[in-house]
Amino acid sequence: MKLNEILENCSSKFTRNNDKNVNIKGISTNSTEMRNNYIFGAIKGKNFNGENFINSFSKYKDVVIVISKRSNVDKNIKNKFNTIIVSNVRSFISDIANIVYKNQIDEIIAVTGTNGKTSVADYTRQIWEQNKLKASSIGTLGIIYNDQKINSFLTTPQSIDLQKALSKLSENGCKKVVVEASSIGIDQNRLFPIKFDKIAFTNFSRDHLDYHESMTKYLNSKLKLFKNHSKEGTIAILNSDDQKTKTFAEICSKKRIKILDYGENASFLKIISIKKKNNKYFVKIKLKDSKYLLKLNFNSSFEIYNLFCAMLLVFGEKLEYNSFGTLDKLVSPKGRLEKIYDKKFKIFIDYAHTPDALKNVLLTLNEIKKNRIISIIGCGGGRDKGKRILLTKEAIKYSDLVILADDNPRNERPEEIRNDMVKGLSKLEKSKINNIGDRKKAIEFGINIIKKNDILLIAGKGHEDYQEIKNKRVFFSDHKIINETLR
């Protein structure tokens, strides 16, 4: 595609230093991916500044450079290349990626929230597949389509990767896509300029304050999904029982977005009661002025909320009682309250790494508790330090014994992270904690001390099969260590 054609279809404002109409073969924000006839977006990130690599592109032909108005790039370097100047490099790159990598997908929907995004996205894809629709989910578990998975290290892929993925899925016949919209992804314009057919909000609690700095900024980033990525006819799916739902509903009212809600306080899909009996949940609901009783084979009540969110994302206003008929065929996403062992004792793995998520998981396990609950928890390095003690307190409150294990320490010293996790605890609280650190040893210790009818929860990493240590990812699987130790 010619550069002029791309720029003519671009909605972003820009200026350029020449009118050379080169043929464009690719777009990148990674200097190592640069080739002849590529557009390079010079993004200033947390660890690297793309502007520092521009001068090295002299060996390539017909390169186009995109820089910010606030750029410090030398004038001579600007004039050396075909340069485009914009107010926001990220949004501009997202804009042109949407033009270069086209797709013909019929319906694209997004789900945001502190917890539950992955489960909602996975259930949504599964329900579409149950209804013989070619569908994909994009998020924490990767890009999943036709029983194939491409791993992704970001919940919401970078804009170029996302647009490439949508284009490739479209070429392969995919017609429905659900995307996990993380607060950071939204804030960094990775979803721009997509306008979604449906958008969902699951819940809101503390997370990512190392990036957002305050709960207000964190919330505002999620609100942008509703403000900036809706269109005429967009439908909002809201959890009526979350304390921040009113704020999202106000945005919907201003934007004239139709709301379909779910939960105990909902108008559309109202939960009248949830009762558990013989490892099944009996859920009484009210839908379109009629009451029904559903029998669901799930591990937790919060998974029922995720399921209802997914049902509304798939069926919208057409949701009927008969739509719930195939739910027994759904499989819980890997690492989401995943039962690994269930004989003399039980072992679960869960991705819970926020205080609220851990609390919900432990409350669920307390419903089936017969003896002790042992929790293995940890906190990631380079992330919100204030969350660390909160996570430990939830574990202490709802567990009989807590084991501290390293969980992606990144560039921090693991022992300092664990010190933060116990700072200020009373002597009694500390008596419930075993500070082990080494994750393999912590899991082995937890399994070796388990007794009949105990429950062991290994939290934090879920589906992940790596540890991030000093900027490197090394293979590590909770599943593998559990199976080896049990043998």
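Side chains are part of it too, since the values below use all heavy atoms of this structure and drop only hydrogens, waters and symmetry mates.
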Residues in side chain to side chain contact (heavy atoms under 4.5 Å, CB included) contact with Ser267, at least two apart in sequence or another chain: Asp261

Residue pairs, two or more places apart or on separate chains, that pass ring-ring contact (aromatic ring centres under 6.0 Å, His included) and touch residues 73-104: none

Partner residues of Lys227 under the salt bridge (charged side-chain N to carboxylate O under 4.0 Å, His left out) criterion, sequence neighbours left out: none

Backbone of Lys231 reached by a side-chain donor or acceptor of Lys195 within 3.5 Å: no

Sidechain N-carboxylate O distance under 4.0 Å for Asp187, Lys224: yes

Any donor-acceptor N or O pair under 3.5 Å, side chains Thr114, Tyr218: yes

Residue pairs fulfilling salt bridge (charged side-chain N to carboxylate O under 4.0 Å, His left out) with at least one residue in residues 460-472, sequence neighbours excluded: Asp407-Lys461, Arg410-Glu468, Lys461-Glu464, Glu468-Arg473

Short N-O contact, Lys198 and Glu107, less than 4.0 angstrom: yes

Any donor-acceptor N or O pair under 3.5 Å, side chains Asp122, Gln126: yes

Pairs flagged by ring-ring contact (aromatic ring centres under 6.0 Å, His included) wherever residues 106-143 is involved - sequence neighbours left out: Tyr123-Phe298

Proximity of Phe324 and Phe308 rings by center, below 6.0 Å: yes

Donor-acceptor contact present, side-chain Glu394 to main-chain Pro355, <3.5 Å: no

Whether Asn265 side chain and Asp241 backbone form a donor-acceptor pair below 3.5 Å: no

Which residues share a side chain to side chain contact (heavy atoms under 4.5 Å, CB included) with Arg413, sequence neighbours left out: Glu415, Glu416

Solution key, residues 329-336 side-chain donor-acceptor pairs under 3.5 Å, sequence neighbours excluded:
unit_1: Arg336; atom_1: NH1; unit_2: Lys334; atom_2: O; d: 3.2
unit_1: Arg336; atom_1: NH1; unit_2: His463; atom_2: ND1; d: 2.8
unit_1: Arg336; atom_1: NH2; unit_2: Thr118; atom_2: OG1; d: 3.4

Partners meeting salt bridge (charged side-chain N to carboxylate O under 4.0 Å, His left out) with Asp106 (sequence neighbours left out): none

Aromatic ring pairing His208/His212, orientation class (parallel under 30°, perpendicular over 60°, tilted between): perpendicular

salt_bridge(Arg388, Glu412) N-O dist < 4.0 Å: yes

Electrostatic pair Asp356-Lys359, nearest N-O below 4.0 angstrom: no

Non-hydrogen side-chain atoms of Thr83 and Ile67 separated by less than 4.5 Å: yes

Residues which pass salt bridge (charged side-chain N to carboxylate O under 4.0 Å, His left out) with Asp350, listed by chain and number, not counting sequence neighbours: none

Those residues that, when tested against Lys44, pass salt bridge (charged side-chain N to carboxylate O under 4.0 Å, His left out) (two or more places apart): none

Under 3.5 Å, side-chain donor or acceptor atoms of residues 243-253 against the rest of the protein: list the pairs with distances, not counting sequence neighbours.
unit_1: Thr245; atom_1: OG1; unit_2: Asn239; atom_2: O; d: 2.4
unit_1: Thr245; atom_1: OG1; unit_2: Asp242; atom_2: O; d: 3.2

Backbone of Ile194 reached by a side-chain donor or acceptor of His229 within 3.5 Å: yes

Cationic N near anionic O, under 4.0 Å, Arg418 to Asp406: yes

Interatomic spacing from OG in Ser230 to NZ in Lys258 - rounded to 0.5 Å: 15.5 Å

Close aromatic pair by centroid cut-off 6.0 Å: Tyr38 and Tyr60: no

Pairing residues for Ser159 by the side chain to side chain contact (heavy atoms under 4.5 Å, CB included) criterion, not counting sequence neighbours: Ile93, Ser94

Electrostatic pair Asp478-Arg439, nearest N-O below 4.0 angstrom: yes

Side chain to side chain, Leu327 and Met311, heavy atoms closer than 4.5 Å: yes

